[in-house]
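Please read the structure below before turning to the comments.
Because the structure is predicted, anything quoted here is derived from the model rather than measured. Atom set for the values below is all heavy atoms of this structure, side chains included, hydrogens, waters and symmetry mates excluded.
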Amino acid sequence: MKKKNKLTRKNNKVLRPLLAMTERYASVFHKLGFPVKLSHQLPPKNPQVIPDSLAEICGDKMNTKWIGVSPFAQHPQKVYPAEKMQQVILQLAERGYQIFIFGGGPAEQIIGAEWAAGQPRIKSIIGKANLEQELALISNLDLMISMDSSGMHLASLKGIPVVSIWGATHPFTGFLGYGQSLQDVVQLDLYCRPCSVYGNKPCYRGDFACMNNLPESVVIQTVINKLNNE
């Protein structure tokens, strides 16, 4: 807890990576007599059969790269502004990528439907699949774009690389998706970051600069570089 406080305090931050949460859990099992050795590598990609109900929505993959987007999170301080994320999605779709939007409740479903309206290369999956079906689709993605949220971790379970966007929180707190690379993290270096471990505290600056000042072009180029293995 002391190390987390040093990482998130306003003044004299100690910006050093903390032990990954997976290692913390592994240490508990080790103390109980069940040693666990973690590779911190993504598991091999193993595409599952997409259920018929979703296959009709997704269409044939053929030679098109599939990108999942998980643009929402429990706390707004971890969410890339909607208008900026919409631009990221539209510009990637214009480049020929097929986009699938993942999310949660009714409010997110409305946003996803608005972004996908009239855009054949953008499909919203929100409200159209259960978790098992979503995981089957995720296993067929080439890449996931996610906040510091569950989308990042679900993609990690299926061996899918993630370009993650971080605002109030920071991967140094130990919550980066298992097997994911810091090279694929998109974030701004600001004196105030991170201001909390979980993103549940309002921006004390009042301008949410960590997300508002993060250019869409940086997110897009990071995605393209990753897909091209650069």
Task: side-chain hydrogen bond (donor to acceptor under 3.5 Å, both in side chains) evaluation trace for Asn225 with Gln221 - done: CA-CA 6 Å; Asn225 291 347; Gln221 194 58 55; 2.9 Å; yes

Task: Hydrophobic cluster membership, Val162 vs Trp166, 4.5 Å side-chain cutoff - done: yes

Task: Same apolar cluster (I L V M F W Y, side chains within < 4.5 Å links), Ile125/Leu135 - done: yes

- [ ] Check the side chains of Gln48 and Lys158 for a donor-acceptor pair under 3.5 angstrom, ignoring hydrogens and angles.
- [x] yes

- [ ] State plainly whether one hydrophobic cluster holds both Tyr25 and Leu32, where clusters connect Ile, Leu, Val, Met, Phe, Trp and Tyr through side-chain heavy atoms under 4.5 angstrom apart.
- [x] no

Open item on the list: Run the side chain to side chain contact (heavy atoms under 4.5 Å, CB included) test on Tyr178 and Ser39 for me, step by step, so that the C-alpha distance in whole Å, both residues' side-chain angles and the decisive distance to 0.1 Å come before the verdict.
Closed with: CA-CA 9 Å; Tyr178 184 79; Ser39 68; 3.6 Å; yes

Open item on the list: Before we go on, tell me: are the rings of Trp66 and Tyr97 under 6.0 Å apart, centre to centre?
Closed with: no

Open item on the list: So for atom CD, which belongs to Gln74, do other residues, nucleotides or ligands contribute more than 12 heavy atoms lying within a distance under 6.0 Å?
Closed with: no

Task: Residues Lys61 and Asp142 bridged, charged N to O under 4.0 Å - done: yes

- [ ] Would you check if the side chain of Arg121 reaches a backbone N or O of Glu94 as a donor-acceptor pair within less than 3.5 Å?
- [x] no

- [ ] Flag the pair His75 / Tyr198 as yes when their ring centroid distance falls below 6.0 Å, and as no otherwise.
- [x] no

Task: Heavy-atom pair with the smallest gap, counting every atom of Gln187 and Pro171 - done: OE1-CD, 3.5 Å

Task: Verdict with supporting geometry, Leu154 and Met144, side chain to side chain contact (heavy atoms under 4.5 Å, CB included) - done: CA-CA 10 Å; Leu154 293 176; Met144 173 73 86; 6.0 Å; no

Task: cation_pi(Lys10, Tyr204) dist<6.0 Å, angle<=45 - done: yes

Task: Hydrophobic cluster membership, Ile145 vs Val79, 4.5 Å side-chain cutoff - done: no

